[in-house]
Each structure stands twice: as structure tokens, then as C-alpha cells.
Amino acid sequence: MSELLKVDGLDVSFHTYGRRLHVLKDVTLAIPQGGRVALIGETGSGKSVTSKAILGTLPGNAKIESGRILFKGDDVLAMPRGKRDALKGTAFSIIMQDPLSSFNPVFRIGRHLDDVMRFADLRLGNRSSTAERRQRIFEVLRKVQLADPERVCAAYPSQLSGGMRQRVLIALSLLHQPQLLIADEPGTALDVTTQDEIMKLINRLVAENGLSLLMITHNLGVVRQMADEIYVMRHGEIVEHGPLSEIFSRPRQAYTRQLIDAIPPLYGANVTDQEPAAGDAIVEIDGVSKVFEDRPLFGRGHRHVAVNDVSLAIRRGEVFGLAGESGSGKTTVARMIMGLIRASDGKLRIDGKPVEEQRGSAAFRRKIQIVYQNPGTSLNPKRTVGQTLRVPLAFAGMRGKAVEDRIRELLLQVDLPDHYVSKYPHELSGGQKQRVAIARALAADPEIIVLDEPTSALDVSVQKNVIALLTRLREELGLTYLFISHDLSLMRNFCSRIAIMLRGEIVEAGEPRQVFETPEHPYTRALIAAVPVISDEEEKRKPAVSDEDRRRYLVDTAA
Amino acid sequence: MAATETDFTNALTPRYMAWYSFTRNPTAIIGALMVISVVVLAVFAPLIAPYPEHVGAAVNFRARHAAPDWTYWLGTDKVGRDILTRVIFGFRISLLLVVGVLAIAVPIGSALGLLAGYFSGWTEKIITGFTNVMLAIPPLVMALAIGNVLEPNLVNAMIAITLLWWTWHARLVYRVSKSIASEDFVEAARLAGASHWHILTREILPNCISVISVKTTLDAAFVILFGATLSFLGLGVKPPTPDLGSMVADGRQFLPEMWWGVLAPGFAIFYATLGFNLLGDGLRDMFDVEV
Amino acid sequence: MTGASMQENYLQTFAKRIAGFIGVLFVLSLMIFVLARVVPGDPARIALGPSATQEQVDAMRLAMGLDEPVIKQYFAYIWNALHGDLGRSLISSRPVTREIAALLPATLELVIVTIVIMTLVAIPLGVVTARYRNSWIDNTGRFFSIVGVTMPSFLFAILLQLFAAYFLTDWPIIGRINHGLSPPVGPTGLLLVDSLVHGRLDVFTDAFQRVLFPALALAMSGIGQITRITRSAMIEHQRRDHVLTLQSFGVPDRVIVFSYLLKLSSIAPLTIMGLEFASLIGNAFVVELVFSWGGFASYGLEAILQKDLNAVMAVVLISGLFFIVANIVIDLILLVIDPRLRLKETN
């Protein structure tokens, strides 16, 4: 196999605020003709910078210090601008990452596609008519399973679902039959089932058209399906590379091993079963619904049923997982339990007393606390860690030295050193911010903590530590967790009971072992089947999904 | 990529980045120097001005309408008073107006914006509704109307401008505080038992300070401009107090021959407004905020 | 989404804005009315002059309805205003609406030319300065925009006049038209249009020369603001992913800048232009004074200085109306440009 693309000793630095940051150090990688290569790494590892360097879309403050990028033996960095532009979309194409911001919101989808095709045609010396281009665009859109190309082209970006936009982005990269596809975290922003569909689509297109693929991702589960060869990147360097099977089974570097170990298993011997809690019910929800209505001054109002007739009970001391995709109503349920929004119908009780009677009371507030998903917005950037932690303590009536002592104790509990008291959020990493957020929730001595996807914004290795911390705190302090997430493999290991939500309703609930081994509801089966896993053994043990169910619950193209 | 970049810039403190942007921005520094010079001239006017006695109703008919020369650097006016002296003292009136207007309009506007952004419902509806009405009023027309209903003088000009000015701050602070109020940390503070007062003053306000200070600096320029326009139209400080706007209006009668009578005070106004504006622009880049 | 629901949303968005504007006008009228009634000094006395007897003033008060309760007076005022009657001038005792109607075309002409200049200069300047960011083009453009923002209109107007006086001695700088030319009358009242309708090129040339400098003076501050907003909107959008998408597929930079970015970046300056309209009307007072333009704003200034209350109220109301009409037009343009305003939020 000959090399289609070779990156050779690439050094790139960024210049910001008068400082030089060396972001790529001697990066070397090769993509063979027809090969599938994955570049994996955590946030800030430099994997996306590598793809931008190949494509020639580095930002203005970036400088290529040295190195070569050879496409079929020609150094693209040495090419004149015009010749290099001619490669774009025709020799190699990118599948972009974030689907909504990837399109100009005031132009129709069709206009984007047509302009890309028109200018690529011009560079190739073809003159094409609008009607002819339209034909070709429709063809490609059908290829990516967009059944109604006419409607897609006429739509504005905001009128399409995330999955549809991601498909259009794939179509964009296929307009001119490139030889190399570069996929930069495709589908990361999408729900797991949609992401699974997208991956299958890319895989099929690569196989059918004999393309080469460079897959850039942080998700090792995705890598297993999408690549034959792997490069692991860290701090701007390639730390390890080799065939997929070798890296996954016998990683040479400690860092790679750590990455693999950090991924919670879905099936197999390494799965942790949490003890079912024996306590009494602390949270009881009976037939709860929530309808959001807005009644504008003019025109028709909108009614949206966010939660429909949900009943569940959370026992003291357990980790209750509420799983579901975006818009399934899981966060709405949690906010009703916290008394932040009122239920439209049904009964909610905490400790046997209706939430409606307790909400707003000091005792209720102290009983139930929350840790948010996004560490970036859950801490006030203008307040130090100490100032943030002081608020709940002052509310609890603590004064003077007692406050300082308690703050020190809280930091100790979340494994942060004393002197972090005077740090501002911008001085902390994502994981550290999340620890401070946990400390704030603990400050009021709560009995229940709502964990709203507390690790989904973190890298896997950080996620593992935060989860370990949460587990330890629960044991030490006898807390009850309501864990909201879409990450099923994490929930399999962390929760003592889970409930699956779909479109505002609970479709299945039970202990994780039972739910994962013998899922009853077809949606649960589809959801589990879509989880990316890192071993063939796990893949085999996933439940089967019939085509009919897949169409019923997953395919969003008909939307 | 975006993620990598933020990760790297995380290593740089906000203070360092702000200071770096400010010092690499020559226009911001020039603006700062211009503002300082205006303030120094205004504060030490009696010590700096060459003919402090020309500030009042003095007459010096022998030198009336003298063109700029070594005795009178910027020439003299229709009764022979030194224009340079009167310009320097004119800065005092301008700055007095700025301080008077902004000292009232900024806190009131910011407070209302803060309240409207944090409390949804009727508080928000009433305050934003009222600001929107105020924005539809041509400010100069309204100020003229108010200024004339009252007696035309410095204090009334100040009142007229203040009555209109707070709306711009309210609007801006509303926009910022509204977005901050929806952040998780505000809800977290509320769940931790913080009072509304605490949330408004400790959680939200500190995040609005940079926007408010940039806007206030830019506003200083516009208040000077606005006050000068009012007095140019005859609704400002009464003679013989030296006021830049009315000096331009006075000098206009003797155009085009006695051009210095207009250009000197005219460019003095421009100098002050330009200074504040450049400084405000620099601060905006420094804090990286939308104003 | 079907075409029908999109249409409906279109209308709904727009109806909401109109309703808001009507509210604005209502509150504005209330404010100005209250203001006019708390004025020290009796409107009847102002109308009759200092030599009138108390009996005459009392009779006048009765005729003007000043002894009625204020609420009643207000509703009578609104009722009359809706019928095109804003009272009589206290000075000339002619109907205010008729006086203003005669002067409005002059100001309208000035404002329209100003807006044309503003758009033609500011948006291209904003685009070019953003495109060549930090080059000498950018620095020069930014310098001019900041001068535009910070220089008082009256100073700029006077500088233009001085310039003409010293260097363009034949250029007419005072008034709207050389009345010796006997300009044609109707149909629009806008000299630039009417002269063309009547085929009077001499009138057109004269009117055009005369409107150019005042319009330039009036446009200056708007040019500064809009250039700045356009530039920063362009720069802001340049960093976005959608630009990266097009760049990744080799769509030429000029297409990205002048088509994709320009449309997206024109939203912010258009919105600002609507708000700027309030200060534009204010500046018209100054510019009309300096150029002896004899329009609506000059009338307003005169009315204010003479405390002609009915005229002042009419001027403020009509200024507000001016602002509102301009903003409705801009809203319509924005609805066409920005599909997000027409589409329902789809979460």
C-alpha cells in the first residue's frame, strides 16, 4: 500500500498575547491509500490543529515552523496558493464537527452546497450549469440518506435537525469524490443514537467509494468501528501509534493504557455492579406531568408536553440514573424534584412531604443540591473558590472561624489543596472546577444531590476521577444521587438503579444488570446498541435491534 | 481547535491579556493621554491659563478680533478676550457636565438594567418597555424641550441630559445581566440560599463592571458633545461663563473672516470627545466586551 | 415546516413590532403632554403676549380648553391628533400641522440624501476595513469613523462652510434652492424629484449642490457608527465555523467576504441605523440652523425657543413618528435578510 498522505515532522506554534505556544511538536503520521487512520487525544492535544494544517485553514496567528505535508508525494505546504486550493474538496475533504455553527444562518443549505460545487468545478476547469449542479447535488444528498433533497436545499440551517445537518456536512465533503476524508469529531454534538447512524454512514461511504479516512476523535469507542490504525496524541506530540488491535489490547504507553482504562465497560468481567440500596424512599413521584405553554399576544400559542405521567421512587442512599437523549425530559423531572419549576399535574414528595409545601423553605434548599453539567458556567468567574463556598455556609448560619474551617474541610473532601481558596475559576482546569462545584453542593450538608451530566464536558480520564470522588463521597456521607446522563456505559457502572426516558415518558426502569442484560423496550435496546464500545466482546453482547425499531426510534431524516 | 485555543489561553491570566491588549494599542494610550491633559487643564485652569482675568465679563477692546499670534495664541473674541484662556476654562464646564450627568445617570441606569435583567416578569416588562419608549425620543429634541421649559443654564442642561441618558445604560446593563442571570452559577447561588441582594450585587454586578466602565468612558465623550450642541443652540451656560459650545455659536457670527473664533473652541470640544472615545475604544478591546 | 406556518410567523413577528411602536407613540404623547402642562407660564398668556388683559387671557384659556381636567384635555388632544389636528401655533395662530406639512419635505429630502450617503459610504468602508484588518486601509478607515463619531455636527457643518467659503467660492451653501430659479411645485415636494419630473435640470443641479454639504454634515456621525459596527460584525463572523466550512472547500475569500459575511454582517448595522435615527433627527436641528435650511427642524428649534407649546408638542410627536416609521422600514428589511426572524425557534 502506498502512502496517500504523509505528515512529516510538523511543528506548529500559535502566537497569542505576545507569547509563543508550541502546539504541534514533530508530528509525523501517514495515511495509506484506502486506509482508515484515527488520531485520538483529549482536549488540547493538538489533533484538530493537525487537521487544520493539512487542510490549510489554520488561524492567522498560527505559524508552521517546520515540516512537510505530502499528498501523493507533493508537499502541499510548498505549493502556490492556487494549486493548494485546487486540492480542497477534490483531493481531500473535511467533515466538520459542530453542525449548527457550520452553516451561515442567513443562507439556504442549497446555496452552500452549490457554491462549494461551483467553485470546485471552476478550479477543475469544468463549466457547469445551475440545473446540472442541482442534479449532482441531489444525487449526493440521496447518497447520505437524505430522502427529500429538494426540501433540504430549500431549508435554512436552523430548520434541519442536528443529524440532518451532519449528513449535509458529509454530503459537502463528497461533492467531488475526494480521495481522503478527514472527519473532525463528527456527530460529537449529537445524541448517541444519531451519532451511531452517522458513523455507520461514513463507514459505508468510505468502503463503497474506496476512500481513505482520517478520523479525529476523543472517543475510543468510535475509533474501534472507524479505524484500522491509530495515532495517540498528547500535548502536541504523537505518543504512540500502531494497528487498532495492538493498541487496544497491548498499549505500550502508560498514557494510552490510562485512556483505555478510563472508559467504563458496558459488558464483561470489568463491569461494576452497585449494591441496590435498601433504604426507604426519599423521593416519590407519582403521575407527574409538565406542559410548557406560551401564549403570545398574537397568533396561536404553543404547547409542549415535556414530561408525561412519570412515576418513580428514589431510595435513600442509592444512585438513581435517569437516562435519555436530549429533549427526553430528564432535566425537567430533576428540576421539578428540586422545586425549581412546578409540575402541571401529579404528586412529588420528598421525605414524605409534598415538594409544593416545602419549596422555598431553608430546610428544603439545604436538603437537595445540584452539580451542573458545564463547569465553565457553574462558577462565577469574578469570585474566588472561597467566596463561592462561603455563600451556602453563611446561609446555614455559620460565622467567622467556623466558616474558614468548614471551607478547608470541604476542599479536603473533594481532594483540592488548601490554597485553592483564593483561586479564581480561570485558574482551574475543568475537572477542578467540577470539584469546586461538588464542594459547593456539599457545603449545605444535603441529603440528595442532583448530578446533571456532571462529567459530560470532561475528558474521559478526568471523568473517571470525578466519578471515583462522587462514589467515595456517597459512601462517606450517605448521600443519595439523582444522576442524569446520556452516557449509558457510565451509568451501567455508577448507578444502582436506572430509568430510561423517551419523549417525556419512562419506558423502562430497573437495576442496571437487568436493564442491560435483558432490555424490554425496543427503544432501550436501540439506545444500548448505539453505545460505542471498545471491545468486540462488548459489541457482541449488545442487544439486537430490528430494522423496524430502528426506523421507529432512530432515523431522523424523515423529520 | 476552538477547544485547544481556549486551553492554551487559559494559561494566560485575564489581567495579563487585558493589559497586553491595552499597551499594544497606541490609540488607546493616546486617548488616555488626551483625557489626562483635558483633566489637568480643567483642574489647574487658573494656574495654566495665560489671562485668567478674561474668564468673566472682562473687555479688552483694543485687542478685539485679534488673529492668533504670540500674545494671544488662539486669538481673541469680539470683546478682545483671550480665546485660549476661555477654552481652558471651557473644559471645566464640559467636565462638570460629564461628572454631573454620569454620576446620576450611570448608577440609576445600571441599577434598573440589573433589576430588569435579573427579575423576569413585570419588573422586566415595565423597565424595558419604558427604556424602549425613551429610545424613540430624539434625545436632542427632548433635551431642548426640557431645557427650554426650565430655565436655560448648566444645571438644567445637566438635568435634561440625565433624564435621557440613563436609558442607554439601562439597555446595555439589561442585556448583559439578562445573559448572566441565566448562567448556572446564579441559580447555584440561589439554591445555596443567597438573597436577591447578594445575587445582584455580588454575583451579577461584578460581571457587568467592565461593560459599564467602557460605556461610561465612551459616554463622557457623548455628554461633552451633547452639552456643546445644546449650548451651541442657545440652551446652555449663560454668558459670560466660558462654554465651548456657546463660544462656537458666538464666533459663527464673524465667519468666514474670524475663523479662529470658531475653530479654537470647536476643536477643543473635538479634542476632548476624541480623547474619551479613543480611551473607551481601547478599554473595550482590553476587556473584550460588546458595547 | 410548511409555507403557511412560516407566513403566519412572519406576520406575527411584524404585528408584534407594530403593536410595540403604537405603545411607544402613546407613551411618548402622554409624556410630552404632561411636560407641556407642568410648564411654568400660561400658554394662553404666551399666545396673547404680555399686553393682553386678564379677561382676554381667561377667555383664551376657555377657548383652548385649559380649564378642563388634564385627563380630559389629553384625550381631546389625542382625538384631535388622530384627525390630523395638533392645535394652533401660539405665535402665528395657524394650524401647526399645516405649518409643519409645508416644511416637512425639505427635511425629508435632507434626511433621505443623508441616509443614501451613509449607506453608500459606511457599509463598504466597514467591509473593506475588516477585510484588510490592521493594514493602513483599516487604520485610515478607523480614524475617519472615529472622527465621524466624535466631531460635533455643528463643527463639521461649519468646517464645510469655511471650506466652501475659501476654496469653492461658487458653491451655494445657504438655503435649499436659489429662489430666482422659480422651482417647480409638486408632486412630491422633494426638489430633487420634482425638478426631474418637470425636466428642470438647472433646478436639480442647484438643489443637489445645496443639499450635498448639509447631508454630508448630517451623515458624518452615522457613518462613523455604522462603519464601526459593520467592521466589528465582519470580524466577529470571520472567526465562526461557517467561514471555516467554506474555506475548507476552497470557496474563494472574496465570495465568502462579499456575499456570505456581508449579508450576515449587515444585520447589526441595520439595527443600529434604526436607533441612530433618533440622534439623526436631533442633529438635523443643528445642521438646518447652520445651513439655514428652513425645514421641519428649524421650525422645531424656533418653536422651542419661543415656547410655542403646541408647536413643540407637535414637533416632538412627529420626530417620534419619524423614528418609528424608519424603524418599521428597517424591521421589514431585516425580516427579508434574516430568516431566523421569520422562523419559529426549532429546538
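Heavy-atom basis, side chains included; hydrogens, waters and symmetry copies ignored. Lettering follows sequence order; numbering is per chain, from 1.
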Chi angles and distances behind the side chain to side chain contact (heavy atoms under 4.5 Å, CB included) call for C/Phe144, C/Thr140: CA-CA 6 Å; C/Phe144 277 111; C/Thr140 324; 3.8 Å; yes

Among the listed options C/Ile158, C/Val149, C/Val312, C/Val316, the residue most often paired with chain B at heavy-atom distances under 4.5 Å: C/Ile158

Short side-chain donor-acceptor distance under 3.5 Å, B/Asp219 and B/Trp165: yes

Charged N-O contact under 4.0 Å between B/Asp243 and B/Arg86: no

Toward chain C, the part of B/Tyr271 with a non-hydrogen atom under 4.5 Å: neither

Region of C/Leu301 in contact with chain B, defined by heavy-atom distances below 4.5 Å: side chain

Positions in residues 237-246 of chain C that reach chain B, provided some heavy atom is under 4.5 Å away: none

Check: C/Phe167 ring centre within less than 6.0 Å of C/Phe163 ring centre: yes

Contact residues of residues 274-295 of chain C (partner chain B; heavy-atom separation under 4.5 angstrom): C/Leu275, C/Ala278, C/Ser279, C/Ile281, C/Gly282, C/Asn283, C/Phe285, C/Val286, C/Leu289, C/Val290

Check: B/Thr131 side chain, B/Arg171 main-chain N or O, donor-acceptor pair, under 3.5 Å: no

Heavy-atom donor-acceptor pair, C/Asn310 side chain to C/Gly87 backbone, under 3.5 Å: no

From C/Phe296 atom CZ to C/Leu103 atom CG, the distance as rounded to the nearest 0.5 Å: 9.5 Å

Best-contacting candidate, B/Ala249, B/Ala143, B/Pro139, against chain C by heavy atom pairs under 4.5 angstrom: B/Pro139

Validation row: C/Phe154, B/Arg252 side chains within 4.5 angstrom (heavy atoms): no

Short side-chain to backbone donor-acceptor contact, B/Ser231 and B/Gly227, under 3.5 Å: yes

Residue part contacting chain C, namely of B/Leu274, when any heavy atom lies under 4.5 Å: both

Proximal component of C/Met31, with respect to chain B [non-hydrogen, under 4.5 Å]: side chain

C/Arg142 and B/Asp281: CA distance, side-chain angles, deciding distance, salt bridge (Lys or Arg N to Asp or Glu O under 4.0 Å) verdict: CA-CA 11 Å; C/Arg142 282 167 82 184; B/Asp281 259 6; 5.8 Å; no

No-hydrogen, no-angle side-chain donor-acceptor test under 3.5 Å, C/Tyr77 and C/Ser29: no

Which atoms of C/Phe143 approach chain B - backbone, side chain, both or neither, heavy atom under 4.5 Å: neither

Side chain to side chain, B/Val262 and B/Met247, heavy atoms closer than 4.5 Å: no

Side-chain donor-acceptor pair present, B/Ser21, B/Asp285, cut-off under 3.5 Å: no

Greatest number of heavy atom pairs closer than 4.5 Å to chain B - which of C/Asn327, C/Val315, C/Leu305, C/Asn139: C/Leu305

Choice from B/Ile224, B/Leu233, B/Thr27 maximising heavy atom contacts with chain C below 4.5 Å: B/Leu233

C/Tyr166 side-chain N/O to B/Pro256 backbone N/O, donor-acceptor pair under 3.5 Å: yes

B/Phe276 versus chain C, the contacting section by heavy-atom distance below 4.5 Å: neither

Presence of salt bridge, C/Arg231 and C/Asp138, under 4.0 angstrom: yes

Which portion of C/Leu162 sits near chain B, non-hydrogen atoms under 4.5 angstrom: side chain

